[in-house]
Visitor: 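Quick one: structure below, then a few questions.
In what follows, chains carry the letters A, B, and so on, assigned in the order in which the sequence lines appear, proteins first and then strands, with residues in each chain numbered from 1.
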Amino acid sequence: MLIRPSAPSCTPLMSEQQRKAFPFSEFEPKWQDEWEAKKAFHTPNPGDADFDATKPKYFVLDMFPYPSGAGLHVGHPEGYTATDIIGRFKKMSGFNVLHPMGWDAFGLPAEQYAIKTGQHPRITTEQNIEGFRGQLKRLGFAYDWDREVNTTDPGYFKWTQWIFLKLYNAYVNEEGKARPISELEAQGLSRAEIDSRRLAYISEAPVNWCPELGTVLANEEVVDGKSEVGGFAVERRPMRQWMLRITAFAQRLIDELDGLDWPESIRLLQRNWIGRSEGAHVTFQVAQADAEITVFTTRPDTLFGATYMVIAPEHSLVDQIAAPEQAAAIAAYRRVVGSKSDLERTELAKEKTGVFTGAYAINPVNNEQIPIWIADYVMMGYGTGAIMAVPAHDTRDFEFATKFDLPVKQVVQPPAGKEWQGYTDDGIAINSGFLDGLPTAEAKKKIAVWLEEKGLGKGTTNFKLRDWLFSRQRYWGEPFPIVWEDGNHHGIPESELPLLPPTLEDFRPTGTPEPPLSKATDWVRYSDTATRELNTMPQWAGSCWYYLRYCDAQNSDRFVGEEAEKYWMGGGKPGGVDLYVGGTEHAVLHLLYARFWHKVLFDLGYVSTPEPFQRLVNQGLIMGEDGQKMSKSRGNVVNPDDVVKEYGADALRLYEMFMGPLEQVKPWSMKGVEGVYRFLARVWRLVMVQHEESGVWSLSPALQDVPANKQLTKALHETIKKCGEDIEKLSFNTAISQMMVCTNAFTGAEIKPASAIVTFLKVLSPFAPHLAEELNARIASQFPDLAVKGFLSDSVWPTYDPAALIEDEVEVVFQVNGKLRDKVRVPIAASKEEIEALALASTRVQEFMEGKPAKKVIVVPGKLVNIVV
RNA sequence: GCCGCUGUGGUGAAAUGGUAAACACAGCAGACUUAAAAUCUGCUGGGAUAACAUCCCUUGUCGGUUCGAGUCCGACCAGCGGCACCA
């Protein structure tokens with residue numbers, strides 16, 4: 001290895017170089033080039049010539065970035081460094097490591113930017129990806145770039161469209177498993193029946209239409225009645241849309257979380273989002289009308305306390321049952337409710353509103369007539385859009401009943417001392433006929449049986465989760481592989497994939513719900529009788545399966561080769577990816593969607609595990625130096641490029657890991673960056689010395705081929721042990737502090753034992769790979785037999801010697817009544833009795849015992865003695 | 001309102017129920033230097049005291065379990081995040 005000398009002192013470069021504590025700006029790009037040229041992190045697949053089937057696999061995944069024009073922010077390298085350390089460590093520990101990177105590049109921001117600048121999104125997307133790739137390469141991440149994926153690449157979205165066709169041509173059977181639609185065809189079901197069961201289906205339901213963005217949005221993309229992207233107003237309007245039947249998997253999406261190593265908080269977030277609740281459907285006859293209303297309730301035991309009924313204002317039964325004299329009031333109320341945005345509807349939630357329909361329902365348990373109201377506190381989209389109101393034991397019903405002076409009837413006896421009005425917890429049934437005296441849980445069971453016997457209702461489970469609105473009226477997304485003919489839709493043949501979007505000069509939204517693809521009249525026309533679907537898929541589509549594509553990114557025959565999928569996604573656990581690191585912002589959306597698609601592919605036999613991600617870790621947000629969230633408007637944004645320029649990639653990597661626990665929210669500190677930078681410089685100076693005048697670095701004469709003394713050996717082996725354990729636990733901050741301790745010990749030694757330092761560099765290399773490789777190469781120039789030949793990243797993680805950790809003497813603490821009173825160094829082998837005798841003999845101990853006899857003596861060998869008097 | 005997470009020095013933080021504050025930042029002092037920067041060495045939770053001897057206090061608050069609690073249990077307070085008329 002040739003060593004590039006520093007620039008001579010007379011050049012202007014010199015002052016620049018001299019400021020740096022070590023010449024990272026020279027060797028960091030050098031090693032990045034070297035890794036790339038030698039494909040140091042190329043990962044062979046099963047079947048490849050250089051594949052070693054005897055090694056276990058480790059699939060470590062980052063949430064791939066959306067390549068924006070702003071470039072990387074400091075949050076990206078946080079998770080990416082964590083996975084890089086793990087990946088490099090696992091590689092050194094004998095694993096076949098899959099650690100890839102790619103781009104989630106379809107979607108609204110790119111298109112909004114394109115519209116603003118007039119540039120085609122394909123061009124801006126390419127530029128942004130170039131920028132991101134360059135930035136990531138400058139951080140020295142050990143990706144296999146041959147596996148890079150890009151969701152906007154036809155070779156990629158071909159398979160996104162292919163998976164959509166699988167969803168389109170599948171249904172869920174009685175056992176809750178996805179099966180091919182051909183099974184239904186074989187049963188002779190009609191076209192309409194089949195279409196109503198597809199996992200991808202057409203719906204005319206009201207959707208979130210955002211005029212400003214010119215598209216509909218999924219419920220999840222609407223926050224407080226405004227679009228998540230841009231914060232524009234969103235209105236409800238009925239439109240013909242593609243939906244994905246994720247609700248058919250609601251129960252499995254809850255149940256199958258159990259086998260995963262995910263943070264409990266994220267599992268809870270998903271469970272709450274899916275929102276399972278158990279209850280019953282109860283059917284009420286409408287008095288003097290040929291109509292019935294079915295309600296969903298979680299408290300069927302309170303049926304005797306139902307004193308009125310509420311149906312959602314937009315419910316279709318309203319017109320059918322409303323009394324003529326109420327028609328005007330109902331129409332007026334519906335107008336008011338309809339004009340409210342979702343935001344207003346939540347803001348005005350405090351004050352209950354509603355209108356009496358003039359109709360009555362008959363309570364099946366006692367045949368009492370109860371009034372039917374409409375009110376916007378009942379949602380059309382949840383349950384049946386109708387409720388039985390039990391004001392005595394439901395907070396909302398109680399508020400409503402109080403406002404409109406409706407009767408309140410107690411049917412639950414709360415524990416002594418509690419007010420029954422508005423009591424919503426469990427108690428004992430009263431005023432409830434055959435339920436009287438039963439505790440809530442039993443009353444629920446009894447009424448369910450009763451309802452079922454009479455054919456009036458039955459136990460049901462309800463979910464908050466809605467089906468996934470999957471179409472967008474935008475240009476920059478995957479076109480649907482669907483054509484329309486005579487009012488019917490069907491999938492295009494797989495041989496016609498990928499279906500490219502048309503090349504449009506004008507890709508702006510039309511300003512109407514008509515998608516921009518409608519402008520490409522030639523493209524739209526599929527045949528004389530058929531036209532193409534004009535919607536595109538949402539941004540989430542591409543990220544639902546990208547982890548699978550990494551396993552076999554170049555495959556042109558299949559979305560992922562069978563053998564590659566079995567190897568990288570297999571391993572005997574429910575989830576295939578061994579470690580997935582990313583931000584909490586994707587806790588529900590992306591992670592739920594990806595799990596849903598994966599289960600469909602699993603049921604249909606295309607993948608070998610029921611879950612995509614076995615272990616999930618969320619990195620915490622990095623705040624600005626002021627403790628506030630980083631944002632342009634606050635001016636507290638830290639640009640990773642600036643940090644790399646000033647302190648180097650290794651310092652950035654190390655600082656991001658040293659800040660604190662990975663999962664914690666933590667503020668940035670430039671002083672902290674300087675701290676780890678100084679640490680790296682100290683490591684550098686273990687090996688190198690700088691000539692005072694010329695500034696040229698050369699190998700330190702203190703570096704010698706001698707064995708390390710006992711104290712240094714201990715520090716080194718403790719570091720090997722602790723770093724290995726801490727990397728597995730993702731406790732990078734404590735691993736780094738241990739390396740600092742070790743370095744401080746080496747710094748204090750007159751002679752630097754070269755082979756011990758090489759071992760230390762192996763431990764350091766996953767964290768600061770450039771510096772470690774450079775120093776190893778420098779050492780190799782003088783001690784070729786001591787240094788690692790080739791890349792440190794290809795070397796084997798050192799094993800520690802437990803014997804080296806043991807000291808001859810340990811400090812033992814003497815306590816009296818739990819308070820520290822004396823310390824003594826004793827031989828490691830000292831027996832319990834010997835230590836106890838020493839403690840009792842201590843004058844300090846005796847002083848605090850005040851002559852009293854010891855009631856109890858606790859001895860923890862090697863640790864402490866506690867004397868209780 | 002409901003659910004979850006977090007509360008430790010001036011700051012980021014560390015601590016299998018066993019010496020609270022490792023490691024780093026900031027600060028102070030010293031060495032080197034004509035000087036500064038860099039580097040190296042030392043000190044650095046609060047209080048009492050002449051004392052670097054010694055004692056007392058200290059992990060959001062209050063209780064409990066234990067020989068011993070930052071750690072386990074209970075109640076409360078504060079901050080952050082999620083959901084929010086979900087029947």
Side-chain angles (χ1 to χ4, degrees), chain A residues 18-21 224 263-269 271-273 275-277 279 295-299 302 310 312 345-346 348-352 375-379 381-390 393-397 399-400 424 462-466 584-585 587-588 620-621 627 655 658-661 663-676 678-679 681-682 685 690 731 733-744 747-748 811-823 844 847-848 854-860 862-869:
Chain A
Q18 218 165 22
R19 273 204 355 235
K20 297 192 166 87
D224 292 337
E264 191 49 40
S265 59
I266 300 297
R267 292 199 279 193
L268 248 145
L269 236 46
R271 282 198 206 100
N272 290 344
W273 188 267
R276 180 193 154 99
S277 63
V295 302
F296 173 73
T297 175
T298 55
R299 292 298 298 272
T302 61
V310 184
R345 215 163 148 161
T346 34
L348 299 171
K350 290 143 211 151
E351 190 71 1
K352 292 274 179 296
D376 67 352
Y377 84 91
V378 171
M379 311 282 144
Y382 184 75
T384 60
I387 63 155
M388 62 176 213
V390 185
H393 307 295
D394 181 282
T395 315
R396 296 148 301 175
D397 296 345
E399 282 170 21
F400 192 83
T424 58
N462 212 354
F463 296 94
K464 273 201 290 188
L465 184 71
R466 317 289 163 80
T584 339
E585 66 272 22
V588 275
L621 206 63
Y655 173 65
F658 187 60
M659 292 171 84
E663 299 180 69
Q664 197 163 298
V665 178
K666 43 212 177 269
W668 187 267
S669 155
M670 265 319 174
K671 287 288 182 191
V673 182
E674 280 176 34
V676 294
R678 277 201 285 266
F679 159 67
R682 269 205 309 281
R685 289 194 309 267
Q690 188 165 32
S731 296
N733 54 332
T734 52
I736 293 166
S737 78
Q738 179 59 41
M739 289 190 284
M740 287 172 169
V741 171
C742 187
T743 302
N744 291 345
T747 300
E811 192 177 57
V812 170
V813 175
F814 297 157
Q815 296 179 336
V816 178
N817 288 336
K819 282 195 198 288
L820 175 70
R821 295 305 179 191
D822 204 359
K823 302 172 185 183
R844 296 257 317 131
E847 205 176 300
F848 282 90
K855 266 194 242 163
K856 195 169 178 182
V857 179
I858 288 113
V859 182
V860 183
K863 278 276 181 195
L864 60 71
V865 179
N866 188 13
I867 298 161
V868 187
V869 295

Visitor: Would you call the rings of A:Phe400 and A:Tyr377 parallel, tilted or perpendicular if under 30° counts as parallel and over 60° as perpendicular?
Guide: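 Rings of A:Phe400 and A:Tyr377: tilted, as their planes differ by 30° to 60°.
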Visitor: For B:rG12 versus B:rU16, give the span between their C1' atoms, rounded off to a whole number of Å.
Guide: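 Each nucleotide's C1' atom is 25 Å from the other's.
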Visitor: Using atom CG of A:Leu621 as one end and atom P of B:rG82 as the other, report the distance to the nearest whole Å.
Guide: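 The answer, rounded to whole Å, is 11 Å.
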Visitor: To the nearest Å, give me how far apart CG (A:Asn733) and C1' (B:rA21) are.
Guide: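 In whole Å, B:rA21 C1' lies 15 Å from A:Asn733 CG.
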Visitor: Does B:rG9 fall in syn (glycosidic angle within 90° of 0) or anti?
Guide: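 B:rG9: syn.
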Visitor: With a 3.5 angstrom cut-off on both distances, give the Watson-Crick or G-U wobble partner of B:rG17, or none if there isn't one.
Guide: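 Check on B:rG17: unpaired, no WC or wobble geometry under 3.5 Å.
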Visitor: Using Watson-Crick or G-U wobble geometry with both distances below 3.5 Å, tell me the partner of B:rG30, or none.
Guide: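 Across any shown strand, B:rG30 pairs with B:rC40.
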Visitor: Calculate the interatomic distance between A:Arg685 atom CZ and B:rA38 atom P; express it in whole Å.
Guide: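 Between P of B:rA38 and CZ of A:Arg685: 12 Å.
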Visitor: Any strand is fair game: report the nucleotide pairing with B:rU49 by Watson-Crick or G-U wobble, both distances under 3.5 Å, or none.
Guide: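 By the stated definition (distances under 3.5 Å), nothing pairs with B:rU49.
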Visitor: Expressed in whole Å, how much space separates the C1' atoms belonging to B:rG68 and B:rG64?
Guide: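 Their C1' atoms lie roughly 15 Å apart.
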Visitor: In whole Å, what separates the P atom of B:rG79 from that of B:rC73?
Guide: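 These two P atoms come out 24 Å apart once rounded.
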Visitor: Please tell me if the side chains of A:Asn744 and A:Arg682 come closer than 4.5 Å, counting only heavy atoms from C-beta onward.
Guide: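 Yes, their side chains come closer than 4.5 Å.
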Visitor: Check this for me: does any side-chain nitrogen of one of A:Lys863 and A:Glu811 sit under 4.0 Å from a carboxylate oxygen of the other?
Guide: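 The answer is no: the pair does not qualify as a salt bridge.
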Visitor: Given the C1' atoms of B:rU11 and B:rA21, what is the spacing between them in whole Å?
Guide: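 So the two C1' atoms sit 13 Å from each other.
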Visitor: Tell me which nucleotide among B:rC55, B:rA87, B:rC85 gets nearest to the side chain of A:Thr298.
Guide: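 Out of B:rC55, B:rA87, B:rC85, the nucleotide with an atom closest to A:Thr298's side chain is B:rA87.
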Visitor: At 4.0 Å (heavy atoms only), tell me whether A:Lys819 reaches a base, stays on the sugar-phosphate, or touches nothing.
Guide: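 Sugar-phosphate contact only.
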Visitor: Measuring only the C1' atom in each nucleotide, how far is B:rG45 from B:rA26? A whole number of Å is fine.
Guide: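 Taking atom C1' in both B:rG45 and B:rA26, they lie 15 Å apart.
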Visitor: For A:Glu264 and B:rC5, give me the distance from atom CD to atom P, rounded to whole Å.
Guide: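 It works out to 8 Å between those atoms.
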Visitor: Hey, are the side chains of A:Thr395 and A:Thr424 touching, using non-hydrogen atoms and a 4.5 Å cut-off?
Guide: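 Of all side-chain heavy-atom pairs linking A:Thr424 with A:Thr395, at least one is under 4.5 Å.
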Visitor: Counting distance alone, no hydrogens or angles: does the base of B:rU19 have a donor or acceptor under 3.5 Å from a partner atom on the side chain of A:Gln815?
Guide: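 When only heavy-atom distances are counted, A:Gln815 does not reach the base of B:rU19 through any donor-acceptor pair under 3.5 Å.
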Visitor: Taking B:rG82 as the reference, what is the distance to B:rG60 when you measure between their C1' atoms (whole Å, please)?
Guide: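 After rounding to an integer number of Å, I get 23 Å for this pair.
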Visitor: Could you measure between the two C1' atoms, the one in B:rG27 and the one in B:rG17, and give it in whole Å?
Guide: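 That atom pair is separated by 35 Å.
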Visitor: May I ask you to check if A:Arg821 and A:Phe848 form a cation-pi contact, with NZ or CZ under 6.0 angstrom from the six-membered ring centre and within 45° of the axis?
Guide: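 Cation-pi check for A:Arg821 and A:Phe848: passes.
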Visitor: Side chain of A:Leu268, heavy atoms from C-beta onward: which of B:rC3, B:rA87, B:rA13 has the nearest atom to it?
Guide: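 Among the listed nucleotides, the one closest to the side chain of A:Leu268 is B:rC3.
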Visitor: Looking only at the side chain of A:Leu269 (C-beta and beyond, no hydrogens), which of the listed nucleotides B:rA15, B:rG82, B:rC85 gets closest?
Guide: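 Of the options given, the side chain of A:Leu269 lies nearest B:rG82.
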Visitor: When the distance from CZ of A:Phe848 to P of B:rU54 is rounded to whole Å, what number comes out?
Guide: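 Atom-to-atom, A:Phe848 to B:rU54, this comes out as 10 Å.
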Visitor: For A:Arg844 and B:rC55, is the shortest distance between a side-chain N/O and OP1 or OP2 below 4.0 Å?
Guide: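 The answer is yes; a side-chain N or O of A:Arg844 sits under 4.0 Å from OP1 or OP2.
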Visitor: Looking at B:rC2, which nucleotide sits across from it as a Watson-Crick or G-U wobble partner, both distances under 3.5 angstrom, or is there none?
Guide: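 Paired with B:rG82.
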Visitor: Rounding to a whole Å, what distance do you find between A:Asn866:CG and B:rA69:P?
Guide: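 The distance from CG of A:Asn866 to P of B:rA69 comes to 10 Å, rounded to the nearest Å.
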Visitor: Is there a Watson-Crick or G-U wobble partner for B:rG63 with both distances under 3.5 Å, and which nucleotide is it?
Guide: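 Base partner found: B:rC73.
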Visitor: Provide the Watson-Crick or G-U wobble partner of B:rC23, both distances under 3.5 Å; none if there is no partner.
Guide: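 Pairing partner, where one exists within any strand: B:rG12.
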Visitor: Starting from the 5' end of RNA chain B, give me the residue, A:Asn462 or A:Lys863, whose nearest nucleotide shows up first.
Guide: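 Between the two, 5'-proximity favours A:Lys863.
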Visitor: Can you tell me the distance, in whole Å, between the CZ atom of A:Phe400 and the P atom of B:rA87?
Guide: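 Atom-to-atom, A:Phe400 to B:rA87, this comes out as 18 Å.
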Visitor: Closer to the 5' end of RNA chain B via nearest nucleotide, is it A:Lys856 or A:Val812?
Guide: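 Counting from the 5' end, the first nearest nucleotide belongs to A:Val812.
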Visitor: Checking all strands, does A:Arg267 fall into the base, sugar-phosphate, or nothing category for heavy-atom contacts under 4.0 angstrom?
Guide: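 Nothing, no nucleic acid heavy atom in range.
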Visitor: State, yes or no, whether a side-chain contact exists between A:Val868 and A:Val857 at a heavy-atom distance under 4.5 Å.
Guide: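 Not touching, per the 4.5 Å side-chain cut-off.
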Visitor: Pick the P atom in B:rA69 and in B:rC83, then give their distance to the nearest Å.
Guide: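 Taking atom P in both B:rA69 and B:rC83, they lie 41 Å apart.
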Visitor: Return the CZ to CG distance between A:Phe296 and A:Asn462, rounded to the nearest 0.5 Å.
Guide: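 Atom-to-atom, A:Phe296:CZ and A:Asn462:CG are 4.5 Å apart.
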Visitor: Please report, rounded to the nearest Å, how far the P atom of B:rA87 is from the CZ atom of A:Arg276.
Guide: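 The answer, rounded to whole Å, is 12 Å.
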Visitor: So which atom in A:Lys464 and which in A:Trp273 form the shortest heavy-atom distance, rounded to 0.1 Å?
Guide: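 Smallest interatomic distance, heavy atoms only, reads CB-O, 3.9 Å.
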Visitor: Could you tell me whether the side chain of A:Trp668 reaches within less than 4.5 Å of the side chain of A:Met670, counting heavy atoms only?
Guide: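 Yes, at least one pair of side-chain atoms sits under 4.5 Å.
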Visitor: Report which part of the nucleic acid A:Ser277 touches: base, sugar-phosphate, or nothing (heavy-atom distance under 4.0 Å, all strands).
Guide: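 Touches sugar-phosphate only.
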Visitor: Working to the nearest 0.5 Å, report the span between CD1 of A:Ile867 and NZ of A:Lys855.
Guide: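 Rounded to the nearest 0.5 Å, the CD1-NZ separation comes out at 13.5 Å.
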Visitor: For A:Ile858, report the nucleic acid contact type (base, sugar-phosphate, nothing); a contact means any heavy atom under 4.0 Å.
Guide: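 The answer is base, as A:Ile858 lies within the cut-off (heavy atoms under 4.0 Å) of a base atom.
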Visitor: What is the nucleic acid contact for A:Val813, judged by heavy atoms within less than 4.0 Å: base, sugar-phosphate only, or nothing?
Guide: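 The answer is base, as A:Val813 lies within the cut-off (heavy atoms under 4.0 Å) of a base atom.
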Visitor: Scan nucleotides 23-27 of chain B against the protein and return all N/O pairs shorter than 3.5 Å with their distances rounded to 0.1 Å.
Guide:
unit_1, atom_1, unit_2, atom_2, d
B:rA24, OP1, A:Asn744, ND2, 3.1
B:rC25, OP1, A:Arg678, NE, 3.2
B:rC25, OP1, A:Arg678, NH2, 2.8
B:rA26, OP2, A:Arg678, NH2, 3.4

Visitor: Once hydrogens and angles are ignored, does a donor-acceptor distance under 3.5 Å link the base of B:rC83 to the side chain of A:Lys464?
Guide: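 Result: no qualifying N/O pair found.
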